[in-house]
There are 2 protein chains.
Amino acid sequence: MALRHAVLAALLDGEASGYDLAKQFDASVANFWMATPQQLYKELERMTADGLIAARVVEQEKRPNKRLHSITESGRAALRAFIADSTKPTVIRDEMLVKIQGMDSGDAPAVEAVLVERIGWAEAKLARYERSRTRMLAGRSEQAYLSESVHIGPYLTLLRGIAFEQENIRWAQFSLDAIRRRRTAALDPVDRLVPP
Amino acid sequence: MALRHAVLAALLDGEASGYDLAKQFDASVANFWMATPQQLYKELERMTADGLIAARVVEQEKRPNKRLHSITESGRAALRAFIADSTKPTVIRDEMLVKIQGMDSGDAPAVEAVLVERIGWAEAKLARYERSRTRMLAGRSEQAYLSESVHIGPYLTLLRGIAFEQENIRWAQFSLDAIRRRRTAALDPVDRLVPP
DNA sequence: AGGCACATGTAAAAGGTTACATGATTGG
DNA sequence: CCAATCATGTAACCTTTTACATGTGCCT
């Protein structure tokens, strides 16, 4: 039941609709907790029932009405309790690595395509994160930001996301090179013991 | 339904019991796919029913009997199909980062403890991975291993795990320092505009 | 005309966690 | 003597994914 704590942390920034949160928790944006809109709408209802958040309806004319949620004092207390409580280990589930683990020489072309795709995704995510970082720093140095700003949490988690995607790219490039070298080596007449 | 493909990849190494696999998929060992023993026993049954793996019972005297599972030709085909199929994005769920994101100055001591704990886990995991790497290389250079050995998948995924834990340590140490500096700065009389 | 952004949901199915259950052997 | 390792499962519960459902406004 940690999705609710991720939502509470997100609401520290201010009011948000389910739709707003869905964007933040989207797989292509979130770097440490993801959730689908369906999960969020249901969880927001439960959290409202439990008094952790409060909702107000904003009527809009050219758009559907929306419910804006904000954290309550009880919600803040729940978040503090969560932070002090024991932490579960990180869950990583990466289909791509299952493919790498299980690949055979015959799978080389498919695996190369998977790695190229991964590099593309990681680069796109990294670019987004870097833009976000620039916006947060707003001209200040990292040193200055870390000592001056009130909440450094979002900046620190962003740094973790940036490091993760950089490592992704570095590793995928290395693996791609290794696999390609084997493919060309296997075909290269120079490597044959007995020339044809 | 990707657990089954992770199991198939694991069985490329040779026969394994549910218990053997449970050790490999344990949270403290696995670096890209985890599963509890309960999940595995159930999935192994289904996979046997689907003909992806075959089981044989080994009777033991001083231990409970065990069922050793091996991949079938149909299982190999399923794994190849999985590798060629589209890949789902990586799922990361890290409670610790939720805590970092949602922390307030009052949570500093708890957050520091969480970071210290994480560094300890990451170091333990890293040590295990490094030992595993040494064993795999068996004296050869990485270059030599990558061009000579038949299956490089497990080595490449291991490298990803090593990089992940190294990044974990580096980032956690950085964050810990940042948080501690703020704490001491807040208490340090030198920083006061008006000395007491 | 077609697609994306906004905005909210329901329902069924699949997947994952936690608690319970058993019992011998080995090592410190 | 206590803890860990070996070895397998059942059952209840909770979480997550996927498919379905609706409708307006804006931009190209």
Side-chain angles (χ1 to χ4, degrees), chain A residues 1-7 15-30 32-50 53 55-69 85-95 98, chain B residues 1-7 15-30 32-50 53 55-69 85-95 98:
Chain A
M1 217 195 281
L3 171 58
R4 61 174 48 196
H5 300 111
V7 169
E15 292 185 315
S17 67
Y19 190 83
D20 293 333
L21 292 170
K23 275 188 294 179
Q24 288 184 53
F25 283 85
D26 185 84
S28 61
V29 178
F32 56 88
W33 209 276
M34 305 165 198
T36 58
Q38 289 71 26
Q39 245 180 303
L40 286 164
Y41 283 117
K42 203 192 282 184
E43 189 62 30
L44 286 168
E45 251 180 50
R46 271 191 244 136
M47 291 170 76
T48 307
D50 294 349
I53 57 178
R56 67 185 182 94
V57 176
V58 175
E59 309 220 347
Q60 299 183 115
E61 292 196 341
K62 313 215 154 169
R63 298 255 162 251
N65 295 346
K66 62 180 171 184
R67 282 195 297 138
L68 286 180
H69 308 268
D85 199 14
S86 71
T87 312
K88 283 195 203 159
T90 313
V91 173
I92 298 196
R93 288 214 159 93
D94 193 342
E95 277 199 355
V98 174
Chain B
M1 215 196 284
L3 171 59
R4 64 172 46 193
H5 300 111
V7 169
E15 292 184 316
S17 66
Y19 189 84
D20 292 334
L21 292 170
K23 274 189 294 180
Q24 287 183 56
F25 283 83
D26 185 83
S28 61
V29 178
F32 56 88
W33 208 275
M34 304 164 199
T36 59
Q38 290 72 26
Q39 246 181 300
L40 286 164
Y41 284 117
K42 202 192 283 183
E43 188 63 31
L44 286 168
E45 251 179 50
R46 273 192 242 133
M47 291 171 74
T48 307
D50 294 349
I53 58 178
R56 66 185 183 94
V57 176
V58 175
E59 309 221 349
Q60 300 183 114
E61 292 195 343
K62 313 213 155 175
R63 298 259 162 246
N65 295 346
K66 61 180 170 184
R67 281 194 296 136
L68 287 181
H69 308 268
D85 198 14
S86 70
T87 311
K88 284 195 202 159
T90 313
V91 173
I92 298 196
R93 288 212 158 94
D94 194 341
E95 277 199 356
V98 174

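Just so it is clear: chains get the letters A, B, ... in the order the sequence lines come, proteins before strands, and each one is counted from 1.
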Rounded distance in Å - CE (A/Met34) to P (D/dT16): 12 Å
Side-chain donor/acceptor of A/Asp50 to backbone N/O of A/Met47, under 3.5 Å: no
Given C/dA7, D/dC6, D/dT16, the nucleotide with the shortest approach to the side chain of B/Lys23: D/dC6
Rounded distance in Å - CD (A/Gln60) to P (D/dG23): 19 Å
N or O in side chain of A/Gln39 less than 4.0 angstrom from D/dT17 OP1/OP2: yes
Separation of C/dG15 C1' from B/Phe25 CZ (nearest whole Å): 15 Å
Upstream residue (5' side of DNA chain C) when B/Met1 and A/Pro64 are each assigned their closest nucleotide: A/Pro64
Rounded distance in Å - CD (B/Glu43) to P (C/dG15): 7 Å
Between side-chain atoms of residues 33-45 of chain A and protein atoms elsewhere (two or more places apart, or another chain), which donor-acceptor pairs fall under 3.5 Å?
{"unit_1": "A/Thr36", "atom_1": "OG1", "unit_2": "A/Gln39", "atom_2": "N", "d": "3.3"}
{"unit_1": "A/Gln39", "atom_1": "OE1", "unit_2": "A/Thr36", "atom_2": "N", "d": "3.2"}
{"unit_1": "A/Glu43", "atom_1": "OE1", "unit_2": "A/Arg46", "atom_2": "NH1", "d": "2.9"}
{"unit_1": "A/Glu43", "atom_1": "OE2", "unit_2": "A/Arg4", "atom_2": "NE", "d": "2.9"}
{"unit_1": "A/Glu43", "atom_1": "OE2", "unit_2": "A/Arg4", "atom_2": "NH2", "d": "3.1"}

Sugar-phosphate, base or nothing in reach of B/Arg4, heavy atoms under 4.0 Å: nothing
Side-chain N,O (A/Lys88) to OP1/OP2 (C/dT18) below 4.0 Å: yes
Integer-rounded Å distance: C/dG15 P and B/Arg46 CZ: 7 Å
A/Arg63 side-chain proximity, nearest of D/dT16, D/dG25, C/dT17: D/dG25
Gap separating the CD atom of A/Glu95 from the OG1 atom of B/Thr90, nearest 0.5 angstrom: 9.5 Å
For atom CD1 of B/Ile92 and atom P of D/dT16, their distance in whole Å: 15 Å
I'd like a table of donor-acceptor pairs (distance under 3.5 Å, sequence neighbours excluded) in which one partner is a side-chain atom from residues 60-69 of chain A, with atom names and distances.
{"unit_1": "A/Gln60", "atom_1": "NE2", "unit_2": "A/Pro64", "atom_2": "O", "d": "2.7"}
{"unit_1": "A/Asn65", "atom_1": "OD1", "unit_2": "A/Gln60", "atom_2": "N", "d": "3.0"}
{"unit_1": "A/His69", "atom_1": "NE2", "unit_2": "A/Arg67", "atom_2": "O", "d": "3.4"}

For atom CD of B/Glu61 and atom P of C/dT26, their distance in whole Å: 12 Å
Heavy-atom closest contact (A/Phe25 atom, A/Leu3 atom, distance): CE2-CD1, 4.3 Å
Could I get a table of every N or O pair under 3.5 Å where one atom is in the protein and the other is in nucleotides 8-13 of chain D?
{"unit_1": "D/dT8", "atom_1": "OP1", "unit_2": "B/Arg67", "atom_2": "N", "d": "2.8"}
{"unit_1": "D/dT8", "atom_1": "OP2", "unit_2": "B/Gly18", "atom_2": "N", "d": "3.4"}
{"unit_1": "D/dT8", "atom_1": "OP2", "unit_2": "B/Tyr19", "atom_2": "N", "d": "2.9"}
{"unit_1": "D/dT8", "atom_1": "OP2", "unit_2": "B/Tyr41", "atom_2": "OH", "d": "3.0"}
{"unit_1": "D/dG9", "atom_1": "OP2", "unit_2": "B/Arg67", "atom_2": "NH2", "d": "2.5"}
{"unit_1": "D/dG9", "atom_1": "O6", "unit_2": "B/Gln38", "atom_2": "NE2", "d": "3.2"}

Rounded distance (Å) that lies between atom P of D/dA7 and atom CZ of B/Arg56: 13 Å
Interatomic spacing from NZ in B/Lys88 to CG in A/Asp94 - rounded to 0.5 Å: 12.5 Å
